[in-house]
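Right, one structure below, let's go through it.
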Amino acid sequence: MRKTLKFIVYKLPLFMAMFVGIFYMLIVFQNYEKDTTTITNIAFAITATFAALCFSIAGLIESNSLKDRFTFSGERLFHASISLIVASVLKYTLLSIKEIEFISSHKSVDSAVSIILGALVGFIFFSALLHIHTGLRIANDLLWERQARKSDWDDSF
């Protein structure tokens, strides 16, 4: 029972988050023409919040090794936040460039700009996704260990 509960509570959310992240990464990769900056902006807000929480926890814990691990998790998430903002700015730039008359009237230039900037946006988003997964995995591992240190951690009643 505890192994099933551990998988459902501990591992499954990270798998689901990674799956959802890959889904949205494919949307970003696939839609050069569509404004996907909302996706990256929302991901930024969530990731920046998680980074701040990790840094806050790191400041409260006395153990140097735990403090270092929570800080490392926060750093991964903060780096992902920066990457997401860069991806959002690049995507907005791509959409703005495509509105320039010279670009839109020359299909080969339009295609080249779309492929180059679109691929860069997708690559940066994917890199951020990997950092997010690492940061969340580390924080999740640390929080799981900390709550499981008490024998009644899973007693609901």
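Just so you know, these numbers come straight off a predicted model, no measurement behind them.
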Working to the nearest 0.5 angstrom, can you tell me the gap between [X] [atom1] and [Y] [atom2]?
X      : Y      : atom1 : atom2 : result
Phe102 : Asp110 : CZ    : CG    : 11.0 Å
Asp68  : Ile61  : CG    : CD1   : 11.5 Å
Leu53  : Thr49  : CG    : OG1   : 7.0 Å
Leu95  : Leu90  : CG    : CG    : 11.0 Å
Glu75  : Ile138 : CD    : CD1   : 9.5 Å
Lys91  : Ser96  : NZ    : OG    : 11.5 Å

Joint cluster assignment, [X] & [Y], ILVMFWY side-chain distance < 4.5 Å:
X      : Y      : answer
Ile132 : Leu130 : yes
Leu60  : Phe50  : no
Val20  : Ile42  : yes
Val109 : Ile116 : no

For the OH atom on Tyr92, are there more than 12 heavy atoms of other groups (residues, nucleotides or ligands in this structure) within a distance under 6.0 Å?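 Not buried by this count: 12 neighbours or fewer within 6.0 Å.
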
Restricting to side chain to side chain donor-acceptor pair (under 3.5 Å), what partner residues turn up for Ser65, sequence neighbours left out?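 With sequence neighbours excluded, Ser65 shows a side chain to side chain donor-acceptor pair (under 3.5 Å) to Ser63, given in chain and number order.
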
List the atom pairs, with distances to 0.1 Å, where a side-chain N or O of residues 76-88 and a protein N or O form a donor-acceptor pair under 3.5 Å, not counting sequence neighbours.
from: His79; atom 1: ND1; to: His131; atom 2: NE2; distance (Å): 3.1
from: Ser81; atom 1: OG; to: Ala48; atom 2: N; distance (Å): 3.1
from: Ser81; atom 1: OG; to: Leu77; atom 2: O; distance (Å): 3.0
from: Ser83; atom 1: OG; to: His79; atom 2: O; distance (Å): 3.2
from: Ser88; atom 1: OG; to: Thr40; atom 2: OG1; distance (Å): 3.3
from: Ser88; atom 1: OG; to: Asn41; atom 2: OD1; distance (Å): 2.8

Any donor-acceptor pair under 3.5 Å from [X] side chain to [Y] backbone:
X      : Y      : answer
Thr47  : Phe44  : no
Ser127 : Phe123 : no
Ser73  : Arg69  : no

Leu143 to Ile57 - nearest heavy-atom pair and separation: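 Closest approach of Leu143 to Ile57: CD2-CD1, 4.4 Å.
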
Taking all non-hydrogen atoms of both residues into account, name the closest pair between Arg146 and Phe70 and its distance.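 For Arg146 and Phe70, the tightest heavy-atom pair comes out as CD-CE1, 4.3 Å.
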
Start with the C-alpha distance between Val113 and Leu94, add both sets of side-chain angles, then the distance that settles side-chain contact (heavy atoms from CB on, under 4.5 Å), and finish with yes or no. CA-CA 7 Å; Val113 167; Leu94 169 62; 3.8 Å; yes

Considering only heavy atoms from C-beta outward, does the side chain of Leu66 approach that of Leu142 to under 4.5 Å?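 Yes, close enough: below the 4.5 Å cut-off.
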
